[in-house]
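When a ligand or atom number is given, it counts from 1 through the structure's own listing order. Excluded from the calculations below are hydrogen atoms, water molecules and symmetry mates; all remaining heavy atoms, backbone and side chain alike, are included.
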Amino acid sequence: MDRGKFSTSYGCAVDKVVTLSHPAGVGGKSTAVKRLYIKTYGCQMNVYDSARMADVLAPHGYVPVDSPDGADMVILNTCHIREKAAEKVYSEIGRLRPLKEDKAARGERMILAVGGCVGQAEGEEIIVRADCVDMVFGPQTYHRLPELIVRATRATGEKVVDTEFPTEDKFDHLPEEARPQGASAFLSVQEGCDKFCTFCVVPYTRGAEQSRPVAAVTEEATRLVAAGSSEITLLGQNVNAYHGVGTDTAEWGLGRLLHHLAENVPGLKRLRYTTSHPRDMDDALIAAHRDIPQLMPYLHLPVQSGSDRILTAMNRRHDADTYRRTIDRLREALPEIALSSDFIVGFPGETDREFAETIRLVTDIGYAQAYSFKYSPRPGTPAAVESQVGETVKDERLATLQQLLRAQQTAFNRSKEGAVMPVLFDRPGRYEGQIVGRSPYMQSVHVTAPERIIGSVVDCRIIGVHNNSLRGEILTATTESGENAATVERACA
Ligand code: SAH
Ligand code: SF4
Ligand code: F3S
C-alpha cells in the first residue's frame, strides 16, 4: 500500500464500540438544535477524535445524542486494523439505512458520514458500496466538518469525500473542548506512524508521525483538569516516539513532557501514556517511571511475537532479547510496574516452533493483562501477499496463547488480594449503589459507595478477585491526598 495514494486527495483494546452522548445543550452559532450521533470503533485515539468532532460541531448547533434514531447527523468513526473491524462498518450502515429513509419520508434529512481509518483507507469506494453514505473523511480532516456538511447538504445532492493529508495541522483548527471528559481523560500528543510494520494499516490511514508542541499539550491538559479530570492518558499511535517542540524551542521526548505535565498542571493526579513501541523506550522515559509519582505503574508495550525471524518479517526493528532487556530496565527502575502487550498469532510463515517462542516469552515476562489477535491480512500491506497460515492453526494458537495470558492475568489479580490501593472512581456500575474505578494497574475495581465518590482517588482494600476485575472496600482514613480524604468521608457519611 502506498501512503502517497492517500496523500493525493489525505484507534488495547481494539474492536470495542463506544457511543458518545451528551445530554446537555451546547451553545453555538446556530440556534436550531441538531442531533448528532457518533459511534466510535477502534482505539483510544478514535475515542479522542470523536469527542473533538463533537467539539467542532458544537458551535454549529449539534448536540450529541445516544441513539441514531431521529439523528440529523450520524458519524461512524471507524477502525481498519483488522478485517472484522472494517466489516462492522458496513453492517452498521445497513442498520442505519432504514432510519435515514424514515427520516426522509418525514421530509427531514439525516447526514450519514463515515470518518476514521476505514474512511481514509477506502475513500469513495464506501459510497460505491453503500450509496446512502453522504460523506467520507479521514482522521486528519475532521476539523473541516462544518464545510463538508455545507457541501453535503447542497440541493445538488453532492457526495463529499475528503481524505487528504492536509498541510495545515488539524489541532490548530480545533476549538477548545466543549464538554468535560470525566474523571479520566484522553489527550492526543502524537499522531501517525513511520514504522511500517508489514502487517499494519496505521501508517497509511493516519499518515506520517507528528508531535504536538509541549505548550499546546500543557494548555489542553490544564483545561481538562480544570473541567474535572484527575487522570490524563497521553495518546499516540507511537506515543513514545513523541518529539514535540518544548517550551525552550528544543525538541522534547516523552519523558520530559511527562515531567513537565506532572510539575506544571496543578490538580493532575495521574498520568498514563499509550501506545508505545519497544524501540522508543529510551532511558529518560524509563527513568520517568521511577521519578514521577503521578505516572502510574503500568505500561502497555506491544511485542507482537517472541520469534526473532517473525519480528524481522514484521519489520518490528527489535528482537526478543532487546525487548526482554527493556522490560528488565523498566523493572529495575520500578519493580512494581505491571505490563501489558499485544500479540499476533499466525503471521504469514509462522511455524509451530516460532509460535512456541512467543509462548516462552510470555512465560518469561509475566503479563498483568494483554491483547492477542489472529493475523488478519490487510489490503495493500506487505504481509498480506505472503503465504498465509491456515485458519484452524491460527485458532489453535490463539486459544493456547489466550489460556496462558488469562492465567497470568488471574495470578496478577490474585496477588492484589488484601492489598490497599488508591482507586480513581470514574463511573457508576451496573448495579444499584455500585461504583467502578481503576487501580494504578488499570484493573477495574468495584465498590459499594455513593455516586459522589466519582472523580475522587480513594484508598481501597481489595476484598475479592475475579478474572477481569476486583472488588474493593473503601478506607476513608488514608487517601492519596488530604483533600480527597475529606471528600470521601463526606461522600460516605
Ligand atoms: N502502535 C501500536 C499498535 C497499534 S494497532 C504498536 O506499535 O504496537 C493495535 C494492535 O493491533 C497491534 O499491536 C497489533 O497487535 C494488532 N494488529 C495490527 N494489525 C493487525 C493485523 N493486520 N492483524 C492482526 N492484528 C493486528
Ligand atoms: Fe502499526 Fe507498527 Fe506503527 Fe504500531 S508501530 S502503528 S503496529 S506500523
Ligand atoms: Fe483502528 Fe485507526 Fe486506531 S485503524 S486502531 S482506529 S489508528
Side-chain angles (χ1 to χ4, degrees), residues 1 3 6 10-18 39-50 76-86 88-89 114-122 138-140 142 186 188 190-209 235-242 273-281 299-305 310-311 313-318 323 340-348 350 358 370-386 388-389 394 397-398 401 405:
M1 195 188 315
R3 183 147 79 185
F6 294 102
Y10 164 155
C12 138
V14 180
D15 281 354
K16 73 175 185 269
V17 175
V18 181
K39 187 159 182 171
T40 310
Y41 302 79
C43 63
Q44 293 97 328
M45 300 211 64
N46 263 13
V47 175
Y48 174 86
D49 287 344
S50 290
L76 304 179
N77 192 13
T78 60
C79 174
H80 199 246
I81 203 80
R82 284 172 290 278
E83 191 182 355
K84 235 197 221 161
K88 277 183 190 170
V89 178
V114 176
C117 291
V118 178
Q120 189 63 47
E122 298 190 3
Q140 303 306 345
Y142 64 78
F186 289 140
S188 284
Q190 182 274 343
E191 280 222 72
C193 181
D194 292 340
K195 294 225 166 43
F196 291 93
C197 299
T198 55
F199 53 82
C200 183
V201 294
V202 170
Y204 312 100
T205 62
R206 290 273 169 172
E209 201 180 293
L235 299 181
Q237 269 85 20
N238 256 262
V239 71
N240 59 342
Y242 178 85
Y273 60 93
T274 198
T275 295
S276 297
H277 192 286
R279 278 266 305 208
D280 297 314
M281 286 310 299
L299 180 64
H300 181 64
L301 193 61
V303 63
Q304 316 297 354
S305 167
I310 294 293
L311 287 170
M314 287 176 164
N315 192 30
R316 288 292 286 181
R317 306 162 197 225
H318 63 81
Y323 181 83
S340 157
S341 184
D342 291 338
F343 297 92
I344 294 178
V345 302
F347 184 81
E350 185 189 61
T358 300
Y371 303 94
S372 44
F373 313 100
K374 286 191 286 181
Y375 170 71
S376 167
R378 307 307 293 126
T381 57
V385 293
E386 301 296 323
Q388 302 294 318
V389 171
K394 283 192 207 174
R397 288 182 188 164
L398 189 67
L401 177 59
L405 291 170

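Atoms CG and CG, from Leu405 and Leu398 in turn, are 9.0 Å apart once rounded to the nearest 0.5 Å. Atom CD of Gln237 is separated from atom CD of Gln44 by 10.0 Å, given to the nearest 0.5 angstrom. Atom CZ of Phe343 sits about 10.5 Å away from atom CZ of Phe373, to the nearest 0.5 Å. Atom OH of Tyr323 and atom CZ of Arg316 lie 9.5 Å apart (nearest 0.5 Å). In this structure, OG on Ser276 lies 14.5 Å from OH on Tyr242, to the nearest 0.5 angstrom. Atom OG in Ser305 sits 10.0 Å away from atom CZ in Phe199 (nearest 0.5 Å).
In this structure, Met45 does not count as a contact residue of ligand 3, since none of its heavy atoms falls inside 4.0 Å of the ligand. Under the 4.0 angstrom criterion for non-hydrogen atoms, Arg316 is in contact with ligand 1. Residue contacts with ligand 2 include Arg316, since one or more of its heavy atoms lies under 4.0 Å from the ligand. Using a 4.0 Å heavy-atom cutoff, Lys195 is absent from the residues neighbouring ligand 1. Residue contact check for ligand 1: Val202 places no non-hydrogen atom closer than 4.0 Å to it.
Of the N or O atoms in Phe199, one or more lie within a sub-3.5 Å distance of an N or O in ligand 1. For a threshold of 3.5 Å applied to N or O pairs, the pair formed by Arg378 and ligand 1 contains no separation below that value. The shortest N or O to N or O distance between Tyr375 and ligand 1 is not below 3.5 Å. Polar contact check, Asn238 against ligand 1: no nitrogen or oxygen pair lies under 3.5 Å apart. Inclusion of Asp342 in the set of residues having an N or O under 3.5 Å from an N or O of ligand 1 is warranted.
Atom 1 (Fe) of ligand 3 has no N, O or S atom of Cys117 closer than 2.8 Å.
Which parts of ligand 2 touch Phe199 is read off a 4.0 Å heavy-atom cut-off, strictly below it: atoms 7 (S). Counting atoms of ligand 1 from 1 in the listed order, those under 4.0 Å from a heavy atom of Gln237 are 1 (N), 2 (C). The ligand atoms of ligand 1 that sit less than 4.0 angstrom from a heavy atom of Pro302 are 8 (O). Listed by atom number, the atoms of ligand 1 under 4.0 Å from Ser376 heavy atoms are 21 (C), 22 (N), 23 (N), 24 (C). Below 4.0 Å from some heavy atom of Arg82 lie the following atoms of ligand 1, by number and element: 11 (O), 16 (C), 17 (N), 23 (N), 24 (C), 25 (N), 26 (C). Those atoms of ligand 1 with a heavy atom of Gln304 less than 4.0 angstrom away are 8 (O), 12 (C), 13 (O), 14 (C), 15 (O). In the vicinity of Cys79, heavy-atom distances shorter than 4.0 Å reach the ligand 3 atoms 1 (Fe), 4 (S), 5 (S), 6 (S). Counting the atoms of ligand 1 from 1 in the order shown, those under 4.0 Å from a heavy atom of Lys374 are 23 (N), 24 (C). For ligand 1, the atoms lying closer than 4.0 Å to a non-hydrogen atom of Thr275 are 2 (C). Contact atoms of ligand 3 toward Asn46: 6 (S) (distance under 4.0 Å to a heavy atom of the residue). Ligand 3 places these atoms under 4.0 Å from at least one heavy atom of Gln237: 7 (S).
Every residue two or more places apart in sequence or in another chain that forms a ring pair (Phe, Tyr, Trp, His ring centres under 6.0 Å) with Tyr375 is listed here: Phe347.
Smallest separation of non-hydrogen atoms from Val389 and Lys394: O-CE, 3.4 Å. Heavy-atom minimum distance, Cys79 versus Gly42: CB-CA, 3.5 Å. Here the closest non-hydrogen pair linking Ala241 and Glu209 is CB-OE2, 3.3 Å.
In terms of modelled atom types and a separation under 3.5 Å, the side chain of Gln190 and the main chain of Gly192 share a donor-acceptor contact.
Counting only protein atoms, the N, O or S atoms lying less than 2.8 Å from atom 3 (Fe) of ligand 2 are Cys193 SG, ordered by chain and residue number.
Counting only heavy atoms from C-beta outward, the side chains of Arg279 and Asn240 never approach each other to under 4.5 Å. Side chains of Thr275 and Pro302 form a contact here, defined as non-hydrogen atoms less than 4.5 Å apart. The side-chain heavy atoms of Met45 and Glu191, taken from C-beta on, include a pair separated by under 4.5 Å. Side-chain contact between Lys195 and Asn315 is absent, with no heavy atoms from C-beta onward closer than 4.5 Å.
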Dump the intermediate steps for side chain to side chain contact (heavy atoms under 4.5 Å, CB included) on Thr358 and Arg397, then the final yes or no.
CA-CA 10 Å; Thr358 300; Arg397 288 182 188 164; over 6 Å; no
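A side-chain contact (heavy atoms from CB on, under 4.5 Å) with Val118 is found for exactly one of Thr205, Val89, Ile81, Asn77, namely Val89.
Contacts of Ile81 with ligand 1, taken as heavy-atom pairs under 4.0 Å, involve both backbone and side chain.
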